[in-house]
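In what follows, every heavy atom counts, from backbone to side chain, and hydrogens, waters and symmetry copies are set aside. Only a predicted model underlies this, so the values are computations on that prediction, with no experimental measurement involved.
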Amino acid sequence: METKDLLKKVRKIEIKTRRLSDHIFSGEYHTSFKGRGMTFSEVRPYQYGDDIRAIDWNVTARYNEAHVKVFEEERELTMMLMVDISGSESFGSKNQFKKDVVTEIAATMAFSATNNNDKIGLILFSDQIELYIPPKKGRSHVLRIIRELIEFEPKSHKTDIAQALKFLSSTQKKKAIVFVISDFISEDYEHTLKIASKKHDITGIRVYDIREEKMPNLGMVSMLDAETGVTQLINTGSKSVRINYEKYYQEKLKYFKETFSKSGAGVVNTRVDESYVTKLLGYFKSR
């Protein structure tokens, strides 16, 4: 992509997602994800209604007037965005590919974290770790993350969520807010998710397309598997083919929901042609 076109696209995404994070998500994000605890802020004169357990007796004795300790939330957190950039993300039957929606969601989350003075890191993965950007603060850092989401070309087109979760556990020693953004057309990540969820606050955001739920009857169709690169001639007119396709899809969906639920992780499902804003706000409010 030409530098001029890339910057134009980055700016467009920034304007849209920053508006969402500024006016919609920041308050919900702050409420949903708490800091590490309470830290001492100051001492002030006692006021009617204050908790007597907060009285600082040393200061009270010194000034011969009741004073209380004031504490505030230790707010600074680290957000890790784990983004699936495998071949299946380049699918879309409507006006957008899944990867376009994934980029917008990741950018919105990043700006929401920035508004709360939190650090943001990025892990781009396929069946391997394609790119790791350590957590940092600031607008320029978020813009770099958006640039990578737009233009990064993966070495592999396959998916391995377990591998990405292992990398998360090995690099993030302190608790982080983690958003795994993928279509979750993968398996065998239950064990690694369970381990990672014990340390981190994890949410799986599943982005999918309406055409992935059911196969339409279009007769004989040549189909390319974006992850393996294999092209096959599929008889979509066959009822058994369509039933098996839907069964495969439902098995992957069930595994995703049950695995995240058992691990105590959060779940968001958003279709490409739906409002991810509504889905995310509903999730934040339910926490």
Side-chain angles (χ1 to χ4, degrees), residues 17-82 105-123 133-143 145 168-180 193-205 260-261 263-268 277 280-287:
T17 57
R18 184 142 207 170
R19 190 184 304 124
L20 289 173
S21 63
D22 287 348
H23 301 294
I24 300 175
F25 285 105
S26 287
E28 299 297 340
Y29 169 85
H30 184 96
T31 303
S32 299
F33 302 101
K34 303 295 184 184
R36 296 191 186 93
M38 305 300 287
T39 56
F40 174 73
S41 175
E42 61 178 339
V43 174
R44 61 163 174 77
Y46 176 86
Q47 297 174 0
Y48 178 76
D50 284 339
D51 189 339
I52 60 171
R53 290 174 297 183
I55 292 177
D56 186 321
W57 294 106
N58 290 331
V59 177
T60 296
R62 192 182 310 147
Y63 291 98
N64 203 27
E65 179 187 2
H67 280 69
V68 292
K69 293 179 181 178
V70 178
F71 294 86
E72 61 183 22
E73 183 185 355
E74 190 180 0
R75 177 61 231 175
E76 184 181 295
L77 296 168
T78 295
M79 175 193 285
M80 287 302 303
L81 297 169
M82 297 180 61
I105 291 173
T108 302
M109 294 295 95
F111 280 122
S112 296
T114 296
N115 288 342
N116 283 280
N117 201 35
D118 294 341
K119 295 178 181 178
I120 307 102
L122 177 70
I123 297 172
I133 299 178
K136 280 179 64 178
K137 296 181 182 181
R139 175 178 173 269
S140 61
H141 180 66
V142 174
L143 293 180
I145 286 174
L168 171 75
S169 295
S170 66
T171 54
Q172 303 304 311
K173 299 304 181 185
K174 293 183 179 179
K175 181 178 179 180
I177 299 166
V178 181
F179 291 101
V180 186
L193 178 62
K194 195 174 290 184
I195 292 172
S197 294
K198 287 179 180 178
K199 184 189 295 184
H200 306 295
D201 186 340
I202 299 179
T203 300
I205 302 178
F260 271 74
S261 177
S263 300
V267 166
V268 179
V277 175
L280 290 172
L281 277 175
Y283 171 69
F284 287 158
K285 289 176 179 177
S286 70
R287 285 177 59 97

Smallest heavy-atom separation, H141 atom then I120 atom, equals NE2-O, 2.7 Å
Taken to the nearest 0.5 Å, the spacing of N116 CG from I177 CD1 works out to 8.5 Å
Stepwise, does the side-chain contact (heavy atoms from CB on, under 4.5 Å) test hold for K119 with K136? CA-CA 5 Å; K119 295 178 181 178; K136 280 179 64 178; 5.9 Å; no
For T17 and A107 the tightest heavy-atom approach is OG1-CB, 3.6 Å
When every non-hydrogen atom of P45 is compared with those of V68, the smallest separation belongs to O-CG2, 4.4 Å
Exercise for review: For L280 and M109, run side-chain contact (heavy atoms from CB on, under 4.5 Å): C-alpha distance rounded to whole Å, both residues' side-chain angles, the deciding distance at 0.1 Å, then the answer.
Suggested key: CA-CA 10 Å; L280 290 172; M109 294 295 95; 4.0 Å; yes
Original post:
Taking the side chain from D51 and the backbone from R53, do they hold a donor-acceptor pair closer than 3.5 Å?
Top reply: yes
Residues Q172 and P135: closest non-hydrogen pair is OE1-CG, 3.9 Å
Interatomic distance, OG1@T114 vs CZ@R139, rounded to 0.5 Å, equals 10.5 Å
When every non-hydrogen atom of D56 is compared with those of T60, the smallest separation belongs to O-OG1, 2.8 Å
Interatomic distance, CG@L81 vs CD1@I105, rounded to 0.5 Å, equals 11.0 Å
Between N115 and R18, the two heavy atoms sitting closest are OD1-NH2, 4.2 Å
inquiry  = Would you say that L168 contacts M80 through its side chain, given a criterion of any heavy-atom pair below 4.5 Å between the two side chains?
reply    = yes
In this structure, CD of E65 is separated from OH of Y46 (nearest 0.5 Å) by 12.0 Å
So CG of N58 and NE2 of H67: to nearest 0.5 Å the spacing works out to 12.5 Å
Around atom NZ of K199, are there more than 12 heavy atoms of other residues, nucleotides or ligands at under 6.0 Å? yes
Checklist entry - Any chance NZ of K194 has more than 12 other-residue heavy atoms, nucleotides or ligands included, within less than 6.0 Å? => result no
D118 vs M79, test: side-chain contact (heavy atoms from CB on, under 4.5 Å). Steps then yes/no. CA-CA 7 Å; D118 294 341; M79 175 193 285; 5.6 Å; no
